[in-house]
Amino acid sequence: MNRLQQLFEKKKNNILSIYFTAGYPEIGATIKIAEALEKAGADFLEIGFPYSDPLADGPVIQNSSQVAIENGMTLKLLFQQLKDLRTRVTIPVLLMGYANPMIQYGVANFCKAAADAGVDGVIVPDLPLNEYEEIYQDDFIKNGLSNVFLVTPQTSNERIKKIDELSNGFIYLLSSSSTTGKSLNVSDEIGEYYERVKSLNPKNPLIIGFGISDKNSFMRANQYANGAIVGSAFVKTIGNAKDYLSHIPQFIRKIRD
Amino acid sequence: MNYRVNENGYYGDFGGAYIPEMLYPNIEQLKNQYLNIIAQPDFKAEFEDLLKNYVGRPSPLFLAKRLSEKYGAKIYLKREDLNHTGAHKVNNTVGQIILAEKLGKKRIIAETGAGQHGVATATVCALKGLECVIYMGEVDIERQAPNVARMKMMGATVIPATSGSKTLKDATNEAMRDWINNPVDTHYIIGSVVGPHPYPEMVSLFQSIISKETKQQLIEQTGNDQPDYVLACVGGGSNAMGMFYHFLDDENVKLIAAEAAGLGVNSGHSAATSVLGKEGVLHGSRTILMQTEDGQVVEPYSISAGLDYPGIGPQHAHLHKVKRVEYVSITDDEAMQASLLLSKMEGIIPAIESAHALAQLEKMTFKPDDVVVICLSGRGDKDLDTFMKYFKL
């Protein structure tokens with residue numbers, strides 16, 4: 001069992017995950033931010049490896065990705081930085097990014113490097129389900145990595161079942177079909193969609209992301225799911241602050257308390 | 001050799017649908033329904049009617065006599081430049097707008113580089129009374145001002161893409177983001193043979209009218225539908241796919257695709273994807289693209305906005321890999337000289353994109369009986385500004 005699976009064994013609700021982009025706002029920030037987030041009370045982390053053309057992202061994460069690339073962040077450098085990860089951070093860590101950088105690195109090499117660094121899972125929104133199952137799944141399983149798939153309000157029950165079957169971490173429930181950084185959709189339809197997913201009795205925990213930015217949206221998401229992910233709101237906060245590390249405890253406290 | 005798409009959406013190693021889950025329902029709907037819809041008699045009837053009476057097809061196949069004399073071969077121009085809106089792009093938008101209607105979509109989005117696809121999309125949206133939003137790189141909006149005005153005149157909203165290099169690739173990203181955020185009522189009319197399956201196949205089907213007509217016209221004019229050479233320019237590669245489509249299985253017909261070398265293939269300012277690119281994923285398909293060692297997409301450069309794209313369609317990647325099509329590189333200067341030559345010798349001002357294919361003639365040697373067909377994919381009106389500056393007219 002990896003750290004992510006252990007976490008879900010112990011904790012069933014109000015799980016808080018934070019996304020941030022590696023190499024942003026400065027190249028050496030990656031491990032420092034991870035450490036500060038654990039100390040502040042985040043339950044698990046998603047570290048983004050940047051891509052020049054992030055299709056699923058809104059302006060905030062597009063910008064952090066572009067700055068990170070300009071700062072010199074690459075997958076090679078990220079894996080060097082992550083050599084220190086497990087001496088300083090104990091909570092589960094996932095890597096999140098797009099297929100092309102991972103494919104250029106070599107998916108088998110990527111999975112091995114991630115496992116060696118103590119990474120527990122991977123989220124690659126544009127890696128197709130079929131290709132994962134047929135080509136890449138073995139590399140993930142061999143290295144003990146949980147691959148996480150997204151589900152949207154338009155995803156069919158049949159496909160959700162298939163995703164649940166192929167998942168061994170959690171199901172990433174999108175709060176609406178949107179790019180990252182929009183405000184939370186709180187319509188009745190969305191509540192019905194969460195209920196629809198729950199009624200399928202998935203074996204994996206449900207974590208809601210996209211549009212979670214503060215205490216209200218975090219609590220609302222937790223009415224339906226085991227936890228929620230904050231991305232753009234956090235990236236925006238650290239991007240605006242000079243002494244960005246000192247803002248992290250307060251950011252987490254505001255969501256938790 | 002099989003050059004067509006397989007049931008999983010792949011051409012050999014290339015293609016597929018590398019898309020986030022948010023796009024999956026739309027792509028799946030399209031994949032499951034488009035072949036059925038375009039096979040229906042009412043679709044066919046409307047498509048053929050619009051191509052004939054609105055676009056002005058068939059486009060002529062013109063024997064360019066003075067050019068033929070100069071190069072010592074029989075050179076035919078497939079005159080896509082004479083289509084309504086001035087380029088081949090409209091063949092695809094006519095097909096997709098009828099399809100969008102049948103899918104019950106109310107809102108149309110598209111990306112555009114040179115503005116030709118944007119204009120062709122705005123045109124068919126006006127024809128059908130559908131809302132139209134065009135994404136265009138901020139840089140391209142500046143260098144293609146007349147096309148921006150044409151789109152606006154026909155009622156389209158033009159939204160500048162301000163991310164990345166602010167050109168075609170970024171306009172495509174923005175259009176895909178729009179589709180993610182509007183998953184139900186919107187159809188995305190992709191303008192080239194790129195993007196997730198089924199787009200490359202669907203767009204090349206709509207463009208295949210180019211080679212279908214060419215074959216008929218060759219029989220009428222020469223008695224033989226097997227030319228020696230067929231040439232076209234490639235950005236994403238839609239006019240080339242249309243021009244090659246019905247010749248792919250005629251292995252004796254040599255197919256040549258001209259890419260934009262910009263200031264030179266190795267100058268650092270180029271869009272010669274087949275030379276500079278490596279296999280990877282761009283805009284939803286596995287293909288060849290220009291990228292760094294870390295897998296970041298490299299900004300391309302070409303004097304022609306329509307070829308300024310860091311990838312090629314997945315079928316082109318396959319045709320390149322199996323060597324069915326020869327991919328050649330043409331610099332800005334070579335294309336500009338070819339534009340001038342065609343203007344002076346035949347009284348036809350070509351789009352700078354199309355002139356990349358014409359420029360290849362300089363590098364070939366022919367036998368007198370050789371029959372050469374070149375796709376003149378668009379006209380040069382939109383490029384007058386560039387011509388005026390370059391030639392100090």
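Here the structure is a predicted model, which is why all the values come from computation and not from measurement. All chains are named by letter (A, B, ...) in the order of the sequence lines, taking the proteins before the strands, and each is independently numbered beginning at 1.
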Lys/Arg-Asp/Glu bridge criterion (N-O < 4.0 Å) met for B/Asp13, B/Lys321: yes
Heavy-atom contact with chain A under 4.5 Å, split by part of B/Val298: neither
Heavy-atom check, side chain of B/His316 versus side chain of B/Tyr327, under 4.5 Å: yes
Engaged part of A/Gln154 at the chain B interface, taking heavy atoms whose separation is under 4.5 Å: both
Mutual orientation of the aromatic rings belonging to A/Phe210 and A/Tyr172 [parallel < 30°, tilted 30-60°, perpendicular > 60°]: perpendicular
Residues from residues 14-36 of chain B approaching chain A under 4.5 Å (heavy atoms): B/Ala17, B/Tyr18, B/Ile19, B/Pro20, B/Glu21, B/Met22, B/Tyr24, B/Pro25
Greatest number of heavy atom pairs closer than 4.5 Å to chain B - which of A/Leu127, A/Leu129, A/Thr155: A/Thr155
Toward chain B, the part of A/Tyr51 with a non-hydrogen atom under 4.5 Å: both
Other residues, nucleotides, ligands: >12 heavy atoms within 6.0 Å of A/Glu26 CD: yes
Reference residue A/Asn204; test side chain to side chain donor-acceptor pair (under 3.5 Å); the match among A/Asp164, A/Asn168, A/Asn226: A/Asp164
Which portion of A/Val124 sits near chain B, non-hydrogen atoms under 4.5 angstrom: neither
Aromatic ring proximity, centroids under 6.0 angstrom, A/Tyr105 and A/Phe49: no
Test item: A/Ser175 side-chain N/O and A/Asn185 main-chain N/O as donor-acceptor pair under 3.5 Å: no
Heavy-atom proximity to chain B below 4.5 Å, by part of A/Leu75: both
Short side-chain donor-acceptor distance under 3.5 Å, B/Asp178 and B/Asn182: yes
Plane angle bin for B/Tyr188 and B/Tyr199 - parallel if under 30°, tilted between 30 and 60°, otherwise perpendicular: tilted
Option in B/Ile180, B/Asn8, B/Leu282 with maximal non-hydrogen atom pairs under 4.5 Å from chain A: B/Ile180
Portion of A/Ile69 that has a non-hydrogen atom of chain B nearer than 4.5 angstrom: side chain
A/Phe170 and A/Phe8 aromatic ring geometry - parallel, tilted or perpendicular at 30°/60° bounds: perpendicular
Side chains of A/Thr180 and A/Asp57, donor plus acceptor under 3.5 Å: yes
Part of A/Asn130 lying under 4.5 Å from any heavy atom of chain B: neither
Side chain / backbone / both / neither for A/Ile103 at chain B, heavy atoms under 4.5 Å: side chain
Which of B/Met176, B/Gln291, B/Lys278, B/Glu293 touches chain A most, by non-hydrogen pairs under 4.5 Å: B/Gln291
Under 4.5 Å from a heavy atom of chain B, the part of A/Pro153 involved: neither
Parallel, tilted or perpendicular, as decided by the 30° and 60° cut-offs, for the rings of B/His269 and B/Tyr301: perpendicular
Under 3.5 Å side-chain donor-acceptor pair for B/Ser285 and B/Thr287: no
Residue pair A/Thr179 / B/Asn181, side-chain donor-acceptor N/O under 3.5 Å: yes
Heavy-atom pair count under 4.5 Å with chain B, highest-scoring of A/Ala56, A/Ser156, A/Pro101, A/Pro128: A/Pro128
Engaged part of A/Met73 at the chain B interface, taking heavy atoms whose separation is under 4.5 Å: backbone
Pick from A/Met102, A/Lys76, A/Gln62 with the largest number of heavy-atom pairs that fall under 4.5 Å of chain B: A/Gln62
When A/Thr152, A/Leu150, A/Asp53 are compared by non-hydrogen pairs under 4.5 Å with chain B, the top option: A/Asp53
